[in-house]
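Here's the structure, in structure tokens; my notes come after.
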Amino acid sequence: MSLPSKENFSEWYHEVIQTAEIMDVRYPVKGLYVWFPFGFKIRQLVYSKLREVMDREHDEVYFPALIPETELGKEGEHIKGFEDEVYWITHGGSTPLDVKLALRPTSETAIYPMFKLWVRNHADLPLKVYQIVNTFRYETKHTRPLIRLREITSFKEAHTVHKNFEEAEEHVKKAIEFYKEFYDFLAIPYMVIRRPEWDKFPGAAYTIAFDTVMPDGRTLQIGTVHHLADNFAKTFEIKYEAPNGEHYYAHQTCYGISERCIAALISIHGDDQGLVLPFEVAPIQIVVIPILYKGKEEAVMDACKKIVDKLKSFRVILDEGEERPGAKYYKWELKGVPVRFEIGPRDAEKGVAVASFRDEKKKFEVSIDEINDDLIWQWAQIMRERLFASATNRILEKIKIVNSPDELKDWVRNGVGIFHLCNNEDCGLSLEESGGSLLGWFEEMPEWINLDNEGECIVCGSKGKVAALARTY
RNA sequence: GGGGCCGUAGGGUAGCCUGGUGAUCCUCUCGGCUUUGGGAGCCGGUGACCCGAGUUCAAAUCUCGGCGGCCCCA
């Protein structure tokens, strides 16, 4: 059993998802996939970090999955953006429903009618909640596990309500900081980009997105933050009474992250051997492999058990299986186990273990007496920094600063083009003839991209800022 | 939105054009012997022609429809 090379990303992704037991892709409905237990453990570890970040400022809630047609259709722009991909429930048993029910494509129209009831006066604000739910979209393009789904199983969506535009805008900045913390934790490099007008969330004043770059040079949107202004508040009559006795429409934000964060985690860090996981989100963090020879089993097993006992605060396993050691190495590398110890008769005699990290091929000896929690956490930290650095280097190979529309067109099949662009809509739209999508303008420049924010628009020459264009998932 | 290709054991494949053999090979899995510092070896076993209709003496193979997957172009 061996994976296709990651050079052939599409094939590699499909295989690793299945053989590393993230998702079972064999469910007989297009765009729906099954979480294997191992994949679900990764999901749980990743989402518990996301929860930890959200819980600092939000309350977790749950709203129904079904939305009456009358509410879903209220906000004109919003429904236009989703109407072609809504699943409808039309019958209860064999009785046609008076009002059709939509399976939520996103939850604004489920939540905001209730916000109208929850928000009465200025003391009720700001209101900040989030939920982690499934959502449904009838995707017509080809679907991909964790990336393009008909059922998004793990949509973390936050919704906030504020007094005015400025306060909501302040919160947008905070939301961006939350998401940065989350992706830094996963060692996933990202670009924070303001979407062009024609690509913002339907009903939003503006949209800021997190994009990362996949190994084939296409970008993956892994988070969005929307300023909704008072667009939805006016539709759903979310008003509050101010201290002066006047009633004002509230301003809102919403922002979301889906299981695409796990697609990014797998794709950005993985290699030809399989998954490479940051220590904190690895379902198995440490594996101990005994190397047994006839007559010497006892000393080796004793040493192994000693290590396992010392490290019991981690998710550690002792692989006592019948396979030969080499087969075990490949097996656990596929699963992305960050730290491995091997102990054979020679090592047991010397009181050492042979350690190695998933992201490096080097092996080194460590005295069993020196192994403790602090040492492991040190390793985990170093590994995260190394993962981030090597991910960034690989991504930089897929990013190029281009100086003309022609150069952009030549490059876009390879990766992301970066350039200065003015805010004239025609300039931006003309660039999409290159075959990519205009991601928008950098909200902030990543440290790893070196380019002045101000410059001349590569289309018309007038004053512009740094923008990016790429083929997207 | 438009076009093309494909569906054979748990996974990957040969056979299909030109209809007829016990449906090929690898892997996985199960039992046995043996082995163990980077995917060991031998023996034996389980397991498949996507669904439906049609053509035919006979369909994995030809035709149509459905479902599912992949790729390219806009």
Using the 3.5 Å cut-off, write out each protein N or O paired with an N or O of nucleotides 65-74 of chain B and the distance between them.
from	atom 1	to	atom 2	distance (Å)
B:rC71	OP1	A:Ser10	OG	2.8

Do [X] and [Y] have side-chain atoms, one donor and one acceptor, less than 3.5 Å apart?
| X | Y | result |
| --- | --- | --- |
| A:Asp373 | A:Ser313 | yes |
| A:Tyr138 | A:Asp84 | no |
| A:Thr153 | A:Glu259 | yes |

Sticking with atom [atom1], work out how far [N] lies from [M], rounded to a whole angstrom.
| N | M | atom1 | answer |
| --- | --- | --- | --- |
| B:rG4 | B:rU21 | C1' | 35 Å |
| B:rC50 | B:rC43 | P | 31 Å |
| B:rG7 | B:rU13 | C1' | 13 Å |
| B:rG31 | B:rG54 | C1' | 46 Å |
| B:rC72 | B:rU61 | P | 29 Å |
| B:rU18 | B:rU56 | C1' | 16 Å |
| B:rC49 | B:rU8 | C1' | 4 Å |

Is the closest basic N to carboxylate O distance between [X] and [Y] below 4.0 Å?
| X | Y | answer |
| --- | --- | --- |
| A:Asp216 | A:Arg471 | no |
| A:Lys30 | A:Glu139 | no |
| A:Lys80 | A:Glu77 | yes |

What is the separation between atom [atom1] on [X] and atom [atom2] on [N], rounded to the nearest whole Å?
| X | N | atom1 | atom2 | answer |
| --- | --- | --- | --- | --- |
| A:Glu342 | B:rG37 | CD | P | 10 Å |
| A:Tyr293 | B:rG37 | OH | P | 5 Å |
| A:Arg340 | B:rG39 | CZ | C1' | 13 Å |

Strictly below 4.0 Å: does A:Lys294 bring a side-chain N or O up to OP1 or OP2 of B:rU35? yes
Checking A:Lys465 against A:Trp441: charged group under 6.0 Å from the ring centre and within 45 degrees of the axis? no
For nucleotides 44-51 of chain B, which of its nitrogen or oxygen atoms have a protein nitrogen or oxygen under 3.5 Å away, and what is each distance?
none

Is the ring centre of A:Trp35 less than 6.0 Å from the ring centre of A:Tyr27? no
Go through the steps to decide whether A:Arg358 and A:Trp332 satisfy the test side chain to side chain contact (heavy atoms under 4.5 Å, CB included), and finish with yes or no. CA-CA 9 Å; A:Arg358 174 62 182 84; A:Trp332 297 116; over 6 Å; no
Under the 5.5 Å and 30° test, is A:Tyr330 stacked on the base of B:rG39? yes
